[in-house]
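Just so we're clear, the structure is a prediction, and the values are computed from it rather than from any experiment. Reminder, nothing fancy here: chain letters follow the sequence lines and each chain counts from 1.
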Number of protein chains: 2
Amino acid sequence: MPRKPAYDRDALIAQARDIFWRHGWAGTSLKDLERELKLKPGSFYAAFGSKDALYAMALERYTQDGVARLTALAEDIGPLAALKTQPQIVIDSSQTPVQACMLAKTFAELQARDHQLAQKASRHMAEMKQCFATLFRQAQQAREIGPDHDPERLAARYQSDLLGLRLSAERSDVNAKEIAADIAADLDQL
Amino acid sequence: MPRKPAYDRDALIAQARDIFWRHGWAGTSLKDLERELKLKPGSFYAAFGSKDALYAMALERYTQDGVARLTALAEDIGPLAALKTQPQIVIDSSQTPVQACMLAKTFAELQARDHQLAQKASRHMAEMKQCFATLFRQAQQAREIGPDHDPERLAARYQSDLLGLRLSAERSDVNAKEIAADIAADLDQL
DNA sequence: TATATACTTGAGTGATCGCTCAAGAAATAC
DNA sequence: GTATTTCTTGAGCGATCACTCAAGTATATA
């Protein structure tokens, strides 16, 4: 009996993710979303419930894709090689809407207001950090890095460096490739 | 003949800087500013012209203070020591409204919309980077670091690390002191 | 004290915010 | 075909946005 939606829900979430990623939470209005997703307000709310709900879905999608991509890369070329390659990947991927991390942008924007989306972003960043720690641990077990390092600590520093790198990559007066190379080079010192 | 304002303009700019720093550009409303600065709309606009104009003054103040503090520190304890101490300073300064850099937050929030405040923030970050580069150059001339390093490149990496550190320091699941120590330790390898 | 010159006040501007909902259109089941 | 169910549409809700301005108030000089 029912009628099917005229849109591809998954594609719309990915599209919304890119818009939010670019312009942030407050910087993206319902008008923006309606125009880009080609949805009237009624359809929008029937499909996603609210702006915040869609934003949460976008964060989810963003994190899932990120973890999946890095995990796949590590299985391809090994944990340490993946960690060394990641800095260059995240800044030269010209397909990404912006260079800075969406989780970091969300967290920075909404943390002070104690917004639930900031908490969600924080949890997702912890997820990513765990992913890094796992790779460092694997690299250690494979004797690719010294045995005296704490994988959790390496992961925290590495993630911090990546956040800085990706923000720096947005700047026109910074040579991000050099920074990425230097971050990768640091991993050889371990 | 005239009547003097009842407020301390400089103090109000510093107060506005802290509010903007915390909540960002879109996250701070005129109502917020009026309430915190205890100014009615008329006085506000007579004093500062617009929200954006005040934000620009806040950015200016933020940068001036940052450069002055680091420069003074370097004259006290030397360029390399200042660079090594800075990471710990910026994250344990419990007087600061938030840990993340206001220039970085502004840039990240407004860059995609090509807002003039994003450009101003970018210029101020370049200013800070030059400040770092000068210290690295001085450290090199003082034989505190090796002669084969490019001070500009070191400065870019160092600033990137600081941006990451300061954002990480906002997170409850990250030990920022460890990251700060690791950044400082890296400078000994030069 | 008289007057000129600011500063302070707060109601109110049009625009936009996220969001609602009733009515019309379309597709399924029978 | 008809009935039923969902999707689509868009006018419009109250709230808030950055901001204006005329009237009132206080302080300087003369």
Can you check side chain to side chain contact (heavy atoms under 4.5 Å, CB included) on A:Leu167 and B:Ser160, steps first, answer last? CA-CA 8 Å; A:Leu167 208 156; B:Ser160 178; over 6 Å; no
Taking 4.0 angstrom as the limit, do A:Arg113 and B:Asp32 come out as a salt bridge? yes
List in numerical order all residues of residues 105-117 of chain B for which some heavy atom is under 4.0 Å away from an atom belonging to DNA chain D. none
Can you give the donor-acceptor pairs under 3.5 Å from side chains of residues 179-190 of chain B to other protein atoms, not counting sequence neighbours?
residue, atom, partner, partner atom, Å
B:Asp182, OD1, A:Arg153, NH2, 2.9
B:Asp182, OD2, A:Arg153, NE, 3.2
B:Asp186, OD2, A:Arg157, NH1, 3.0
B:Asp186, OD2, A:Arg157, NH2, 3.0
B:Asp188, OD1, B:Lys84, NZ, 2.8
B:Asp188, OD2, B:Lys84, NZ, 3.1

I need a per-nucleotide contact map over nucleotides 8-18 of chain D, read 5' to 3'. Cutoff is protein heavy atoms under 4.0 Å; write B for the base, S for backbone only, - otherwise. BBBB-----SS
Let's go through A:Leu70 and A:Leu135 carefully: what are the C-alpha distance in whole Å and the side-chain angles of both, what is the deciding distance for side chain to side chain contact (heavy atoms under 4.5 Å, CB included) to 0.1 Å, and is it a yes or a no? CA-CA 10 Å; A:Leu70 182 58; A:Leu135 293 181; 3.8 Å; yes
Taking it one step at a time, do A:Gln159 and B:Arg171 satisfy side-chain hydrogen bond (donor to acceptor under 3.5 Å, both in side chains)? CA-CA 12 Å; A:Gln159 184 177 43; B:Arg171 300 170 56 188; 2.7 Å; yes
Not counting sequence neighbours, which residues clear side chain to side chain donor-acceptor pair (under 3.5 Å) with A:Thr134? List them please. none
Show which side-chain atoms of residues 100-107 of chain A pair as donor or acceptor with protein atoms under 3.5 Å away, not counting sequence neighbours.
residue, atom, partner, partner atom, Å
A:Lys105, NZ, A:Trp21, O, 3.0
A:Lys105, NZ, A:Arg22, O, 2.9
A:Lys105, NZ, B:Ala108, O, 3.2
A:Thr106, OG1, A:Tyr55, OH, 2.7
A:Thr106, OG1, A:Met102, O, 2.8

Rounded distance (Å) that lies between atom P of D:dT20 and atom CZ of B:Phe48: 15 Å
Contacts satisfying salt bridge (Lys or Arg N to Asp or Glu O under 4.0 Å) that involve residues 124-141 of chain B (not counting sequence neighbours) are A:Asp173-B:Lys129, B:Arg137-B:Glu152
